[in-house]
Amino acid sequence: MSLVVYNTLKRKKEAFVPLVAGKVGMYVCGVTVYDRCHVGHARMMVVFDVIYRWLRQLGFDVNYVRNFTDVDDKIIQRAAERGIAIDALTDEMIAAFYEDIDALACIRPRHEPRATAHMDEMIAMIAKLVAADYAYVGAGGDVLYAVRNFDGYGKLSGKNIDDLESGSRVEVDEGKRDPLDFVLWKMAKAGEPAWDSPWGKGRPGWHIECSAMSCSHLGDSFDIHGGGMDLKFPHHENEIAQAQAANGGGFARYWLHNGFVNINAEKMSKSLGNFFTIREVTEKYHPEVLRMFMLGTHYRSPLDFSDAALDTAKAGLDRLYETKRRIADWQAAGADLPPAFVSAMNDDFNTPEALAELFETVRAINKGIDAGQDVGAAAVQMARMCALLGIVQQDAGLWFQSGDVDGEWVEAKITARNQARADRDFARADAIRDELAGKDIILEDGPSGTTWKKA
RNA sequence: GGCAGGGUAGCCAAGUGGUAAGGCAGGAGUCUGCAAAACUUCCAUUCGCGGGUUCGAUUCCCGCCCCUGCCUCCA
């Protein structure tokens with residue numbers, strides 16, 4: 001049973017075979033740090049976190065690299081609007097980024113390079129491109145990539161240059177030889193951040209940073225390159241053009257792209273303004289609910305965001321936690337994963353199918369506990385599956401009892417009610433239960449006493 | 001216009017050339033003083049529509065309808 005992944009480059013699933021046995025180099029395009037992350041970013045983080053966890057589970061030594069774009073037009077603009085330094089803005093947003101994705105239980109990559117820390121690599125790559133005639137200095141002084149000179153441009157996204165130009169909405173830029181040419185090095189205007197280069201003071205274009213940083217951390221050729229579907233074109237296409245032209249071939253071998261988060265069947269995005277930040281959602285829902293919501297759909301499919309969908313994800317998680325609460329010894333080691341779970345994950349990280357197997361296991365555990373049997377092995381399987389998916393990692397008691405509830409007060413009520421029950425005064429017992437229910441507190445009378453939880 | 005992906009029960013969502021996982025919601029039952037939770041059980045003769053290939057298609061092919069995305073910064 002081995003891993004199969006959908007490779008955008010081939011437009012089909014294929015067996016995953018790393019360049020070097022036992023090792024995987026994986027680069028994922030991160031975020032531009034000018035604002036807080038929204039749910040769309042969260043999906044990308046969670047998707048690749050699950051992929052990372054599964055690759056490690058398979059025994060690979062994964063060198064996971066994810067960048068921060070910390071120099072770009074939007075950052076400059078936002079910093080100016082807020083009247084703060086660029087560094088202050090990017091530092092603030094990187095801190096906010098960690099707050100959000102740590103809450104989502106995403107394991108941090110091994111390397112998280114910042115564009116501003118890799119100027120030398122970018123300049124060196126641009127110099128190679130200029131020397132090899134893949135790049136030129138345009139009329140305005142910017143260094144541009146000559147798309148027509150790169151054979152195979154459009155291969156990743158399935159586009160051909162002539163179609164692009166005929167339907168193009170790109171405004172013909174001053175210094176460009178071809179409307180599709182893109183900027184490698186942008187000359188600085190007064191007051192803009194700038195770095196020295198052979199072409200004058202300026203800053204890198206967006207695309208060059210990922211080519212330069214991925215190659216510098218993972219080598220000219222590496223295994224996996226990932227990101228959101230919207231980066232396929234032109235960003236990833238341009239990355240390929242830059243890296244292969246500069247290095248003479250190679251670059252990423254498997255391209256993985258996650259689908260969007262939609263709202264009312266429409267893409268959630270900054271430009272449409274129909275987005276929710278991760279923080280806005282986690283103020284209302286536990287971050288694990290957001291993660292669970294994302295695992296319920298295959299990573300390449302669109303995912304429709306709504307409160308109803310989050311409520312459903314929460315209900316499913318509650319079921320898992322109910323079972324976790326019944327398991328005396330929660331341990332994620334000591335038993336093999338169910339084969340169905342393994343094959344689901346090996347089939348292009350099919351988390352919905354993996355989740356189905358998790359729920360099957362949960363039913364078996366509950367059934368076993370009800371029958372008074374030992375469910376040790378199944379419990380370990382459940383814990384392992386949950387750990388690999390990054391869910392059900394909270395204490396079960398806290399999961400149900402968190403919030404602004406006075407536990408001692410509830411316990412006192414429970415004691416009073418149980419006394420009433422012992423006295424066969426059910427009217428009084430029910431009155432107490434109703435009083436608690438009015439505060440969204442639900443009681444459960446079990447064989448070993450009464451427990452409570454927040455609705 | 002070009003290219004890509006998709007239309008599966010009330011909702012969400014997998015999947016397969018051989019007769020439809022799982023979750024949520026809902027019905028019935030067991031348990032319970034009654035509930036809750038758990039368990040049992042029921043809930044798509046059917047997978048956008050129309051053709052075709054096949055012993056057999058939801059799954060392959062053709063046509064049509066509808067939806068979304070990319071083609072411009074975007075996870």
Side-chain angles (χ1 to χ4, degrees), chain A residues 8 11 28-32 37-48 72-74 154 157-160 162-171 179-180 206 226-235 237 257-262 265-272 275 292-293 295-298 300-304 306 308-309 311-320 322-323 325-326 340 344 347 350-360 362-363 365-371 400 420-421 424-427 429-430 433-434 437 442-447 450-453 455:
Chain A
T8 303
R11 252 166 238 100
V28 174
C29 288
V31 293
T32 300
C37 290
H38 63 237
V39 177
H41 298 113
R43 185 176 193 196
M44 179 270 284
M45 302 301 166
V46 169
V47 161
F48 285 99
D72 118 308
D73 292 357
K74 284 193 184 119
S157 51
K159 302 187 183 302
N160 81 63
D162 298 316
D163 287 344
L164 283 170
E165 290 199 89
S166 62
S168 179
R169 279 177 278 166
V170 185
E171 285 174 41
L180 288 171
W206 175 40
M229 213 75 102
D230 47 0
L231 298 186
K232 257 197 301 197
F233 187 90
H235 184 58
E237 202 69 71
H257 293 98
N258 65 276
F260 301 127
V261 174
N262 293 159
E266 190 175 55
K267 178 186 173 185
M268 176 185 290
S269 74
K270 285 283 171 71
S271 34
L272 288 170
F275 63 92
M292 181 72 176
F293 160 66
L295 298 176
T297 299
H298 184 84
R300 284 189 282 117
S301 299
L303 177 57
D304 223 60
S306 67
D311 289 339
T312 299
K314 161 127 180 4
L317 262 187
D318 282 347
R319 177 166 161 78
L320 298 177
E322 288 284 4
T323 300
R325 186 153 70 163
R326 304 180 76 186
D347 182 15
N350 192 333
T351 53
E353 207 172 304
L355 232 29
E357 180 58 22
L358 173 59
F359 279 105
E360 297 280 9
V362 162
R363 181 178 296 110
I365 291 170
N366 284 323
K367 200 170 172 175
I369 292 175
D370 284 353
F400 289 117
R421 291 173 72 211
R424 313 289 295 171
D425 183 357
F426 297 119
D430 289 348
R433 187 169 61 197
D434 289 346
I442 295 165
L443 300 186
E444 295 177 354
D445 299 323
T450 302
T451 56
W452 64 275
K453 67 180 183 184

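Only a predicted model underlies this, so the values are computations on that prediction, with no experimental measurement involved.
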S.K.: When the C1' atoms of B:C12 and B:C39 are compared, how many Å lie between them, rounded to an integer?
M.R.: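 Pairwise C1' distance, B:C39 against B:C12, rounds to 24 Å.
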
S.K.: Under 4.0 angstrom, heavy atoms only, what part of the nucleic acid is A:Glu322 near: base, sugar-phosphate, or nothing?
M.R.: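 Sugar-phosphate: the residue A:Glu322, judged by heavy atoms under 4.0 Å, touches backbone atoms but no base.
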
S.K.: I want to check something: taking the side chain as every heavy atom from C-beta on, are A:Ile365 and A:Ile369 in contact at a cut-off of under 4.5 Å?
M.R.: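 Yes, side chains in contact.
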
S.K.: Hey, mind stepping through A:Lys159 and A:Glu237 against salt bridge (charged side-chain N to carboxylate O under 4.0 Å, His left out) and telling me if it holds?
M.R.: CA-CA 10 Å; A:Lys159 302 187 183 302; A:Glu237 202 69 71; over 6 Å; no

S.K.: From the options B:G22, B:A37, B:G33, select the nucleotide whose nearest atom is closest to the side chain of A:Glu360.
M.R.: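 Between B:G22, B:A37, B:G33, the one nearest the side chain of A:Glu360 would be B:G22.
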
S.K.: Quote, to the nearest angstrom, the P distance that separates B:U30 from B:A35.
M.R.: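 Their P atoms lie roughly 10 Å apart.
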
S.K.: B:U40 phosphate, OP1 or OP2: any side-chain N/O from A:Arg363 under 4.0 angstrom?
M.R.: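 For A:Arg363, the contact criterion (side-chain N or O under 4.0 Å from OP1 or OP2 of B:U40) is met.
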
S.K.: I would like to know whether A:Asn350 and A:Asp347 meet side chain to side chain donor-acceptor pair (under 3.5 Å); could you show each step before the answer?
M.R.: CA-CA 6 Å; A:Asn350 192 333; A:Asp347 182 15; 4.6 Å; no

S.K.: What verdict does the side chain to side chain donor-acceptor pair (under 3.5 Å) test give for A:Thr323 and A:Asn366, after you've listed the backbone C-alpha separation in whole Å, the side-chain angles of each residue and the deciding distance to 0.1 Å?
M.R.: CA-CA 7 Å; A:Thr323 300; A:Asn366 284 323; 3.0 Å; yes

S.K.: Just how far, in rounded Å, is P of B:C73 from CG of A:Leu180?
M.R.: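 For the pair A:Leu180 CG and B:C73 P, the rounded distance is 11 Å.
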
S.K.: Could you tell me whether A:Met45 contacts a base, only the sugar-phosphate backbone, or nothing, with contacts defined as non-hydrogen atoms closer than 4.0 Å?
M.R.: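 Counting heavy atoms under 4.0 Å across all strands, no contact is made by A:Met45.
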
S.K.: Please give the distance between the C1' atoms of B:C31 and B:C67 as a whole number of Å.
M.R.: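 About 47 Å, rounded to a whole number of Å.
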
S.K.: How many whole angstroms separate atom CZ of A:Arg300 from atom P of B:G7?
M.R.: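 It works out to 12 Å between those atoms.
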
S.K.: Indicate, with a heavy-atom threshold strictly under 4.0 Å, whether A:Gly40 touches base, sugar-phosphate, or nothing.
M.R.: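 If one applies the 4.0 Å heavy-atom cut-off, A:Gly40 turns out to touch a base.
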
S.K.: Please report the distance separating the P of B:A21 from the corresponding atom of B:U46, rounded so that it comes out in whole Å.
M.R.: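 Here B:A21 and B:U46 have their P atoms 16 Å from each other.
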
S.K.: Would you mind classifying the nucleic acid contact of A:Leu231 as base, sugar-phosphate or nothing, using non-hydrogen atoms under 4.0 angstrom?
M.R.: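 Contact class for A:Leu231: sugar-phosphate only.
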
S.K.: For A:Val31 and A:His298, take the nucleotide of RNA chain B holding the closest heavy atom to each; which residue's nucleotide lies nearer the 5' end?
M.R.: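 The 5'-side residue here is A:His298.
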
S.K.: Looking for any heavy atom pair under 4.0 Å, which part of the strands does A:Thr297 touch: base, sugar-phosphate only, or nothing?
M.R.: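 Touches sugar-phosphate only.
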
S.K.: Assign each of A:Gly158 and A:Val362 to its nearest nucleotide of RNA chain B by heavy atoms, then name whichever residue's nucleotide is nearer the 5' end.
M.R.: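 On the 5' side of the pair lies A:Gly158.
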
S.K.: Rounded to whole angstrom, note down the P distance from B:G29 over to B:G15.
M.R.: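 The answer is 37 Å between these two P atoms.
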
S.K.: Just call it for A:Asn366: base, sugar-phosphate, or nothing, with non-hydrogen atoms closer than 4.0 Å on any strand.
M.R.: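 Sugar-phosphate only.
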
S.K.: Using only heavy-atom distances, decide whether a donor-acceptor pair under 3.5 angstrom links the side-chain of A:Asp230 to the base of B:C71.
M.R.: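 Flag unset: no donor-acceptor pair detected.
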
S.K.: Can you see which heavy atom on A:Phe293 is nearest to which on A:Ala309, and at what distance?
M.R.: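 Looking at all heavy atoms of both residues, the closest pair is CE1-CB, 3.6 Å.
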
S.K.: Give the rounded distance in Å between these two atoms: CE of A:Met229 and P of B:U68.
M.R.: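 Between P of B:U68 and CE of A:Met229: 16 Å.
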
S.K.: State which of B:U68, B:G15, B:C34 makes the closest approach to the side chain of A:Glu353.
M.R.: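 Selected nucleotide (nearest to the side chain): B:G15.
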
S.K.: Heavy atoms from C-beta onward define the side chain here; which of B:A38, B:C34, B:U40 lies closest to that of A:Lys367?
M.R.: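 So the nucleotide nearest the side chain must be B:U40.
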
S.K.: Of the candidate nucleotides B:A75, B:C24, B:C71, which contains the atom at the shortest distance from the side chain of A:Lys159?
M.R.: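 When the side chain of A:Lys159 is considered, B:C71 is the closest of B:A75, B:C24, B:C71.
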
S.K.: When you compare B:U58 with B:A44, how far apart are their C1' atoms, in angstrom units rounded to a whole number?
M.R.: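 Comparing C1' positions in B:U58 and B:A44 gives a spacing of 11 Å.
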
S.K.: By the 4.0 Å heavy-atom rule, please label A:Val28 as base, sugar-phosphate, or nothing.
M.R.: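 Nothing, no nucleic acid heavy atom in range.
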
S.K.: For RNA chain B, what are the stems built from at least three Watson-Crick or G-U pairs in a row, each pair having both distances below 3.5 Å?
M.R.: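 So far as stems of 3 or more pairs are concerned, RNA chain B shows B:1-7 with B:65-71, B:10-12 with B:22-24, B:26-30 with B:38-42, B:48-52 with B:60-64.
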
S.K.: Mark yes or no for a side-chain to base donor-acceptor pair under 3.5 Å between A:Arg421 and B:G33, with no hydrogen or angle criteria applied.
M.R.: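 Donor-acceptor pair under 3.5 Å: yes.
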
S.K.: Taking the side chain of A:Asn350 as heavy atoms from C-beta outward, which of B:A4, B:G15, B:C24 is closest to it?
M.R.: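 The closest nucleotide is B:G15.
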
S.K.: Taking N and O atoms by type only, does the side chain of A:Arg433 place a donor or acceptor under 3.5 Å from a partner on the base of B:A35?
M.R.: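 Such a pair is found, so the answer is yes.
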
S.K.: Could you tell me whether the side-chain ring of A:Phe359 sits stacked on the base of B:G22, using a centroid cut-off under 5.5 Å and a plane angle under 30°?
M.R.: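 The ring of A:Phe359 is not stacked on B:G22.
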
S.K.: Ignoring the backbone of A:Ala429, work out which of B:A14, B:G15, B:G33 is nearest its side chain.
M.R.: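 Within the option list, the nearest is B:G33.
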
S.K.: Which residues pass the side-chain contact (heavy atoms from CB on, under 4.5 Å) test with A:Ala429, not counting sequence neighbours?
M.R.: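 Listed in chain order: A:Arg417, A:Ala420, A:Arg421.
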
S.K.: So, is A:Ser157 close to the B:G69 phosphate, meaning a side-chain N or O under 4.0 Å from OP1 or OP2?
M.R.: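 Result: no.
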
S.K.: Taking only side-chain N and O atoms of A:Lys267, does any of them lie within less than 4.0 angstrom of OP1 or OP2 on B:C70?
M.R.: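 Yes.
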
S.K.: Rounded off to whole Å, could you give me the NZ-to-P distance for the A:Lys270 and B:C73 pair?
M.R.: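 After rounding, the gap between these two atoms is 16 Å.
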
S.K.: Between A:Phe400 and A:Asp318, what is the shortest heavy-atom contact and its length?
M.R.: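 In this case the closest contact between A:Phe400 and A:Asp318 is CZ-O, 3.5 Å.
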
S.K.: Go through the N and O atoms of the side chain of A:Asp430 and the base of B:G33, and report whether any donor-acceptor pair is under 3.5 Å.
M.R.: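 Flag set: donor-acceptor pair detected.
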
S.K.: Let me know the distance between CG of A:Asp311 and P of B:G23, rounded to the nearest Å.
M.R.: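 Whole-Å distance recorded here is 18 Å.
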
S.K.: So what does A:Gly259 hit on the nucleic acid, given a heavy-atom distance under 4.0 Å: a base, only sugar-phosphate, or nothing?
M.R.: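 The answer is base, as A:Gly259 lies within the cut-off (heavy atoms under 4.0 Å) of a base atom.
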
S.K.: Calculate the interatomic distance between A:Phe260 atom CZ and B:A75 atom P; express it in whole Å.
M.R.: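 Atom CZ in A:Phe260 sits about 10 Å away from atom P in B:A75.
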
S.K.: Answer with yes or no whether the side chains of A:Asp445 and A:Thr450 bring together a donor and an acceptor at under 3.5 Å.
M.R.: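 The answer is yes; a qualifying pair exists.
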
S.K.: Starting at atom CG of A:Asp370, determine the distance to atom P of B:G29, rounded to an integer number of angstrom.
M.R.: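 After rounding, the gap between these two atoms is 19 Å.
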
S.K.: Going by modelled atom types, is there a donor-acceptor pair between the base of B:C70 and the side chain of A:Lys232 at under 3.5 Å?
M.R.: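 By the distance-only test, no, there is no pair.
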
S.K.: Checking only heavy atoms, does the side chain of A:Arg319 share a donor-acceptor pair with the base of B:C24 at less than 3.5 Å?
M.R.: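 Answer is no: no donor-acceptor pair is held.
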
S.K.: Would you say the side chain of A:Leu272 lies within less than 4.5 Å of the side chain of A:Glu266, judging by non-hydrogen atoms?
M.R.: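 They are in contact (side-chain heavy atoms under 4.5 Å apart), so the answer is yes.
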
S.K.: Please determine, for the side chain of A:Ile442, which listed nucleotide (B:A36, B:A38, B:G33) has the closest atom?
M.R.: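 Minimum distance to the A:Ile442 side chain belongs to B:A36.
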
S.K.: Looking at side-chain heavy atoms only, is the closest gap between A:Met268 and A:Val39 below 4.5 Å?
M.R.: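 Touching, per the 4.5 Å side-chain cut-off.
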
S.K.: So what does A:His235 hit on the nucleic acid, given a heavy-atom distance under 4.0 Å: a base, only sugar-phosphate, or nothing?
M.R.: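 Nothing, no heavy atom under 4.0 Å.
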
S.K.: Roughly how far apart, to the nearest Å, are B:G50 and B:C42 at atom P?
M.R.: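 Those two atoms are separated by 30 Å.
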
S.K.: Describe the nucleic acid contact of A:Ser301 in one word from base, sugar-phosphate, nothing, applying a heavy-atom distance below 4.0 Å.
M.R.: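 If one applies the 4.0 Å heavy-atom cut-off, A:Ser301 turns out to touch the sugar-phosphate alone, with no base involved.
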
S.K.: Tell me what A:Ala315 touches on the nucleic acid: a base, only sugar-phosphate, or nothing, going by heavy atoms under 4.0 Å.
M.R.: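 If one applies the 4.0 Å heavy-atom cut-off, A:Ala315 turns out to touch the sugar-phosphate alone, with no base involved.
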
S.K.: Are there over 12 heavy-atom neighbours, none belonging to A:Lys367, within less than 6.0 Å of that residue's NZ?
M.R.: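 No - once you tally the heavy atoms of other residues, nucleotides and ligands closer than 6.0 Å, there are 12 at most.
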
S.K.: Within the structure provided, determine whether A:Lys270 and A:His41 are in side-chain contact (heavy-atom separation under 4.5 Å).
M.R.: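 Side chain of A:Lys270 against side chain of A:His41, heavy atoms only: contact under 4.5 Å found.
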
S.K.: Using whole Å, what does the distance between atom P of nucleotide B:G5 and atom CZ of A:Phe233 come to?
M.R.: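 After rounding, the gap between these two atoms is 17 Å.
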
